[in-house]
Amino acid sequence: MNTTRYFLSLLVGLLLLIAGGFFNADVFAQQQLRDVYEGTATVQVQGENYVVARKKAVNQALKNGLEEALKEMMGEEDFEASQRDLRKILRRASGYVKSYRFAEARDDQFDKTSEVRLEMRFFSSAVNQALAGLGVITGPVSENKLVVLIKETSFTSAPLTSFWDIFPISETQLVKNMMEEGIEVIGREQVREMVSESTVLKAIKGDLRSARSIGLKTGADIVIVGTALSSLRGKSAEKDIKTVQANINVKVVSTLESSLIAAKTDFSTIKHEHALQAELEAFDIASKKLADFLIPSFHRYWEKGVEAPVKKVPEAPPLSMSDM
């Protein structure tokens, strides 16, 4: 049964990959940084030369501000993993600064230090171009593209050791429904080459920064993450009919806004003499119901942006079933 399920999912996944075409990196739209960042620095004064110390403090504060911007764009994990490459950008932080102003500046005659706190704005296009040149992100975010990543637990198959081991039925069906409506979806296999499994699992548990990192790396302006669960709810002894329920829970995240566009849970219950067939049909129906609800919200977002985004926080409450 597990082998049959695997090949059915793989076949559907391959058909979707062919139907969707290949990833086109030429239609990237500009990724926007936050408007203002803050950087602070304290520098020791040498030989009573406070002018030189102030200049060094400003340069260090600009570097610290750019570091914060990069962490926000990439996520803490990817930022730390890319430290060696990012040094090339951070060394010339001032070159990416559009403007800055002193929020605070103080020379300490007793400790012989110069301290500054700056508010700064960066050239968004220059930062993105530099990151893409280093291969840290694929490029600025593309309009009207989705990524769909669902962690699925099925009672008809053995537990998987890796998130990437199989094409989940729920994810495959949801992608199919999106593509049938003319929405471009970046394939799972392409995402696998760009995003770490740990980043995906954090996003599925509700980490908005990780979801945003997926969007930045793949070039998608909308990221859909969630969980799916199938279970045997009952069995008729006389007719050997199985009752199977499929639940899908997703959150839709805006890459540019780092905020929730929508969240939805849906389910379907199917009776069939073959458990695998019942599971496939249940996931298909639940996915279709989800797509019917979500697709209008995508179009509203693309037309108007996020009108009332969920409050931005570093950690969002975990999705139900995320501990599967």
Side-chain angles (χ1 to χ4, degrees), residues 9-32 73 128 131-132 135 137-152 163-164 167-195 199-200 203-204 208 210-226 228 248 250-264 266 283-284 286-306 309:
S9 298
L10 182 60
L11 178 60
V12 175
L14 290 174
L15 289 173
L16 289 174
L17 183 61
I18 294 170
F22 294 98
F23 180 67
N24 180 6
D26 296 329
V27 291
F28 286 132
Q30 183 58 53
Q31 163 67 18
Q32 297 297 318
M73 289 180 67
N128 279 278
L131 291 176
I137 62 175
T138 58
V141 169
S142 173
E143 294 180 345
N144 301 11
K145 277 192 178 181
L146 302 180
V147 165
V148 181
L149 296 167
I150 296 179
K151 181 182 178 184
E152 183 176 287
F163 174 80
W164 301 113
F167 287 93
I169 297 173
S170 54
E171 179 184 311
T172 302
Q173 294 295 339
L174 188 56
V175 169
K176 175 176 174 287
N177 291 324
M178 301 293 182
M179 293 176 66
E180 286 177 347
E181 293 296 321
I183 297 174
E184 186 171 0
V185 182
I186 300 171
R188 183 183 181 90
E189 286 300 301
Q190 293 167 330
V191 177
R192 180 177 186 172
E193 297 299 318
M194 300 180 238
V195 182
T199 298
V200 174
I204 288 173
L208 294 181
S210 295
R212 185 173 191 248
S213 176
I214 293 170
L216 289 171
K217 284 181 173 292
T218 59
D221 64 338
I222 291 178
V223 177
I224 303 173
V225 289
I248 309 176
V250 298
K251 287 189 176 181
V252 183
V253 179
S254 161
T255 301
L256 297 178
E257 300 287 338
S258 190
S259 60
L260 289 178
I261 298 173
K264 178 69 171 172
D266 234 314
F283 272 131
D284 188 21
S287 297
K288 183 64 167 63
K289 289 161 72 175
L290 270 178
D292 289 343
F293 173 83
L294 294 175
I295 288 173
S297 69
F298 300 156
H299 290 300
R300 286 194 299 270
Y301 170 74
W302 287 324
E303 291 171 5
K304 302 179 182 179
V306 180

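Counting from 1, the numbers follow the sequence of the chain as shown.
Two residues are said to be in side-chain contact when any heavy atoms from C-beta on lie closer than 4.5 Å; Val250 and Leu294 meet this criterion. A heavy-atom distance below 4.5 Å is not found between the side chains of Ile248 and Leu174. A 4.5 Å side-chain heavy-atom check between Phe167 and Val175 finds every atom pair outside the cut-off. Side-chain contact check for Val252 versus Ile222: some heavy-atom pair is nearer than 4.5 Å. Annotation: side chain of Leu260 is in contact with side chain of Lys251 (closest heavy-atom distance under 4.5 Å).
Below 30°, between 30° and 60°, or above 60°: for His299 and Trp302 the angle between ring planes is above 60°, a perpendicular geometry.
Across all non-hydrogen atoms, the minimal contact from Val185 to Met178 is CG2-CB, 3.9 Å. Taking all atoms of both residues into account, the shortest heavy-atom contact from Ala220 to Ile186 is CB-CD1, 3.9 Å.
Considering only residues two or more places apart in sequence or on other chains, Glu180 meets the side chain to side chain donor-acceptor pair (under 3.5 Å) condition with Lys176. Evaluation of the salt bridge (Lys or Arg N to Asp or Glu O under 4.0 Å) rule for Asp284 yields no partner, not counting sequence neighbours. Residues that satisfy the side chain to side chain donor-acceptor pair (under 3.5 Å) test with Lys264, not counting sequence neighbours, are absent from this structure.
One finds the CG atom of Asp221 at 10.0 Å from the NZ atom of Lys145 (value rounded to the nearest 0.5 Å).
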